[in-house]
Amino acid sequence: MEGDTFSGLGNGTQIDGKILQTFQKNFVQVQNILDQNRLLINEINQNHESKIPDNLSRNVGLIRELNNNIRRVVDLYADLSSSFTKSMEGSSEGDSSGALKSDGKAGHKRNRPA
């Protein structure tokens, strides 16, 4: 897979296999964290409904863990976004689809439906 290129973005852009592996790895990490969050939320809800003092106290730690997981997901998505932007900038060098600004960086516009 390494060294392979894929063109699956619909605009002829090719993605390096290594970049694709990185995206896939990050998405798997995100999905695993989200699955864990679902379990944490279920446990938090059960503890809350039980109204047992020990269970309610345990929720403090579970909610902290949930918050940390959410931060990790945000960080992973930020990394994915940054990696994707860098890969698109690298793959579009010399491409006429983006106009060059005076600073030498490509200026891409998104077309939004009316």
Side-chain angles (χ1 to χ4, degrees):
M1 185 165 190
E2 191 170 322
D4 295 339
T5 57
F6 301 92
S7 66
L9 296 179
N11 62 0
T13 303
Q14 293 188 338
I15 300 174
D16 185 84
K18 190 173 183 180
I19 294 169
L20 198 59
Q21 281 181 322
T22 301
F23 288 152
Q24 184 175 7
K25 182 183 128 204
N26 281 359
F27 282 122
V28 167
Q29 281 182 299
V30 165
Q31 189 58 54
N32 288 338
I33 294 169
L34 293 176
D35 290 341
Q36 183 182 6
N37 284 357
R38 184 174 27 83
L39 297 174
L40 284 170
I41 290 167
N42 287 339
E43 186 174 349
I44 289 166
N45 285 336
Q46 288 172 357
N47 289 345
H48 181 73
E49 289 170 3
S50 76
K51 297 190 183 351
I52 298 170
D54 286 344
N55 289 352
L56 295 173
S57 295
R58 178 165 162 66
N59 274 358
V60 173
L62 294 175
I63 292 169
R64 282 192 183 119
E65 185 177 350
L66 182 64
N67 285 336
N68 288 333
N69 286 353
I70 291 168
R71 279 190 205 98
R72 287 174 49 206
V73 168
V74 168
D75 290 344
L76 285 167
Y77 275 128
D79 291 345
L80 276 168
S81 177
S82 176
S83 296
F84 183 76
T85 301
K86 287 177 186 172
S87 72
M88 297 315 315
E89 286 173 352
S91 68
S92 67
E93 285 181 8
D95 185 3
S96 62
S97 65
L100 285 179
K101 295 180 182 177
S102 61
D103 62 2
K105 294 182 180 175
H108 299 280
K109 281 190 170 182
R110 284 191 244 181
N111 294 327
R112 295 186 181 170

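Reckoned from all heavy atoms, side chains included, excluding hydrogens, waters and symmetry mates.
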Separation of Asn37 CG from Asn69 CG (nearest 0.5 Å)
4.5 Å
Flag yes if Leu62 and Val73 sit in one hydrophobic cluster, no otherwise; membership is Ile, Leu, Val, Met, Phe, Trp, Tyr, and two members link when side-chain heavy atoms are under 4.5 Å apart.
no
Check ion pair Arg38-Asp35 (N to O, under 4.0 angstrom)
yes
Are Ile63 and Ile41 connected, step by step, through hydrophobic side chains (Ile, Leu, Val, Met, Phe, Trp, Tyr) whose heavy atoms are closer than 4.5 Å?
yes
Main chain of Ile44, side chain of Asn59: is a donor-acceptor contact present, judged purely on distance under 3.5 Å?
yes
Derivation and outcome, side chain to side chain contact (heavy atoms under 4.5 Å, CB included), residues Gln36 and Glu65
CA-CA 10 Å; Gln36 183 182 6; Glu65 185 177 350; 2.9 Å; yes
Is there a continuous path of hydrophobic side-chain contacts, each under 4.5 Å between heavy atoms, that joins Leu80 to Ile70?
no
Please report the interatomic distance CG(Leu39) to CG(Leu34), rounded to the nearest 0.5 Å.
11.5 Å
Using the side-chain contact (heavy atoms from CB on, under 4.5 Å) criterion, which residues pair with Ser83? Sequence neighbours excluded.
Phe23
Shared hydrophobic cluster for Tyr77 and Ile33 (ILVMFWY, side-chain gaps under 4.5 Å):
yes
CD-CZ distance between Glu43 and Arg58, expressed to the nearest 0.5 angstrom:
4.0 Å
Do Leu76 and Ile19 sit in the same hydrophobic cluster, where Ile, Leu, Val, Met, Phe, Trp and Tyr count as joined when their side-chain heavy atoms come under 4.5 Å apart?
yes
I'd like to know if the side chain of Thr85 reaches the main chain of Ser81, judged simply by a donor and an acceptor atom lying under 3.5 Å from each other, with no hydrogens or angles considered.
yes
Side-chain donor/acceptor pairs under 3.5 Å, residues 49-57, sequence neighbours excluded:
unit_1 : atom_1 : unit_2 : atom_2 : d
Ser50  : OG     : Asn47  : O      : 2.8
Ser50  : OG     : Ile52  : N      : 3.3
Ser50  : OG     : Asn55  : ND2    : 3.0
Ser57  : OG     : Pro53  : O      : 3.1

Sequence-distant partners of Asn68, side chain to side chain donor-acceptor pair (under 3.5 Å), two or more places apart:
Arg71
Given side chain to side chain contact (heavy atoms under 4.5 Å, CB included), test Val28 with Lys25 step by step and report yes or no.
CA-CA 5 Å; Val28 167; Lys25 182 183 128 204; 5.8 Å; no
Distance col, row Gln29:CD vs Asn32:CG, nearest 0.5 angstrom, shows 8.0 Å
